Amino acid sequence: MKSDTGSNIQNVKASNRILALKHIAIHKGMSRIELARITGLSKMTAVNIVNELLAADLITETDTLSSITTSGRKPVSLTLSPNSPCICGILIKRELIQIILSDLGCNIFYQEEFHYKELSSSDELLSMIENLYRRCSASTDRRILAIGISCLGPLDTSRGLILDPPLFYGIKNLPIVSIIEEMTGLPVFLVHDATAGAFSEKLLGIGRNITNFVYLHIINGIGAGLVLNNALYDGDTGQSGEIEHTCIDFHGPACSCGSHGCLGLYTGIDHLRARIQELSVIYPGSPLSMLPFPEWRDIITAGNHRDPLALTVLEEFCSYIAYALTSTLSLLNLSTVIVGYSSDNDGDIIEELLSYKLNTHVMSAKYQPITVTHSSFKGNAPLIGSVAIIADKVFSKLLPLKELENTSSL
Ligand SMILES: [Zn+2]
């Protein structure tokens, strides 16, 4: 909804500065002329803003552009200053915590991770995060603006709570935002991991020029993030994206959510391993038949090599997802699906199978084919999203940059 209030000249100038900073952060190595072109600002205004951002040490000049202009002057490119403020991002998974530091362009310059098998309590989780954060913050002299936490759901992002993720060691209603804020003294924002994935695609990835799409994270649980009308859709309380609890068989087994036959009951790695074991009798020569505990990577790699057993299992897997996703795509009239999962090879069997099924099942596909494409960040979109969500708050002026507060007026 548009604001009912007007903008005074100072607001316009502040908006122009932050817009310029956003483009310099995201499009690395931009010249002043390119900045003026992409922002629509006059060259004089762009030059003045660049001078202000240089004076605030938010950006710096490099002469990495190789060409010489027609005037004979060597063009310089603009990039974020190595002294500019940075962002901390944390990704919480069932058996892994990752922490990163990035600049405002979401370029990571510090990364650490900690693997664990189980948690005795929420205190153990918080202690791990505190230790990781202490090492992370001690590694840099840059000011950390805020912390973005990308976490498995369900969450209540409006109240900063991890609600009760299944198989998450009994952790329930953990007010992680207020605890980490008190621990660090920084603003903290919580986001569903799949929603964070969608956001990283929108700000930095292949979703940048796509108005509406769904991001689907499919490994170790299935989550969906929605971008509608160029904006992240997070739901009333931040619990959107729980596609695992879409019913695909109302006669199916009971689910912990209270429903029956939910998608997540059919797409876990244990379910796929059981199917591989059953099918090994039919396909004894499959490389998957030789493995006692095939991992996702093994299954996808075998599928990309057109192994019949892997293809059968993945065809079922994608059928389940397509049943659940068809409802969402039809309801919202979406025609782009971005799929995130780790993959070391260039195969696209998941995208191929999903594309076929969705284009067969979704009514609107007769008029606008459904495009299914692999994530720009492979399996890392939820991690990148943890910092992208903070960068966007800066670029949207929801998180003020004190470095810009004392800049002179244009
Ligand atoms: Zn359920």
Side-chain angles (χ1 to χ4, degrees), residues 91-96 118-119 122 125 150-174 176 190-198 214-226 228 232-275 296 299 313-332 334 337-341 350 353-354 357-358 361-362 381-382:
L91 176 65
I92 301 175
K93 302 166 92 170
R94 276 190 190 83
E95 296 183 342
L96 174 69
E118 60 181 337
L119 295 171
S122 57
L125 175 71
S150 172
C151 184
L152 71 166
L155 312 172
D156 183 339
T157 58
S158 63
R159 294 191 294 154
L161 298 174
I162 298 176
L163 292 175
D164 54 348
L167 305 175
F168 199 46
Y169 318 108
I171 291 176
K172 286 185 179 179
N173 301 320
L174 177 66
I176 192 161
L190 179 65
V191 63
H192 190 283
D193 51 8
T195 304
V214 57
Y215 170 83
L216 199 66
H217 203 79
I218 64 166
I219 304 294
N220 294 324
I222 299 179
L226 290 168
L228 304 176
L232 200 63
Y233 178 78
D234 207 15
D236 285 341
T237 56
Q239 293 180 52
S240 67
E242 294 292 344
I243 197 171
E244 271 197 330
H245 294 289
T246 301
C247 174
I248 60 171
D249 179 6
F250 58 81
H251 292 305
C255 179
S256 60
C257 71
S259 184
H260 285 77
C262 291
L263 174 66
L265 298 172
Y266 302 90
T267 51
I269 186 67
D270 290 340
H271 185 90
L272 269 68
R273 284 174 181 152
R275 285 295 289 142
W296 280 106
I299 301 169
V313 170
L314 289 175
E315 199 273 342
E316 291 176 0
F317 175 74
C318 288
S319 289
Y320 296 138
I321 296 175
Y323 277 121
L325 203 52
T326 293
S327 306
T328 303
L329 300 187
S330 295
L331 186 68
L332 299 173
L334 304 176
V337 179
I338 301 173
V339 189
Y341 60 95
I350 296 283
L353 290 169
L354 264 183
K357 290 176 184 304
L358 292 173
H361 296 160
V362 178

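Only this structure's heavy atoms are used, side chains among them; waters, hydrogens and symmetry mates stay out. All ligand and atom numbering here is 1-based and tracks the order in the structure. It should be emphasised that the depicted structure is a prediction, and the values quoted were computed from it without experimental measurement.
Side-chain atoms of Thr246 come within 3.5 Å of backbone N or O of Ile243 as a donor-acceptor pair. With hydrogens and angles disregarded, a donor-acceptor distance shorter than 3.5 Å links the side chain of Ser150 to the backbone of Pro382.
Minimum-distance N/O/S atom of His245 relative to the Zn ion (ligand 1): ND1.
For the Zn ion (ligand 1), the set of nearby N, O or S atoms under 2.8 Å includes one belonging to Cys262.
The Zn ion (ligand 1) lies at the vertex of an angle of 110° between the SG atom of Cys257 and the SG atom of Cys255 (rounded to 10°).
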query: Between His251 and His260, is a side chain to side chain contact (heavy atoms under 4.5 Å, CB included) present by the stated rule, with each step listed?
result: CA-CA 7 Å; His251 292 305; His260 285 77; over 6 Å; no
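Surrounding OH of Tyr323 are at most 12 heavy atoms belonging to other residues, nucleotides or ligands under 6.0 Å away.
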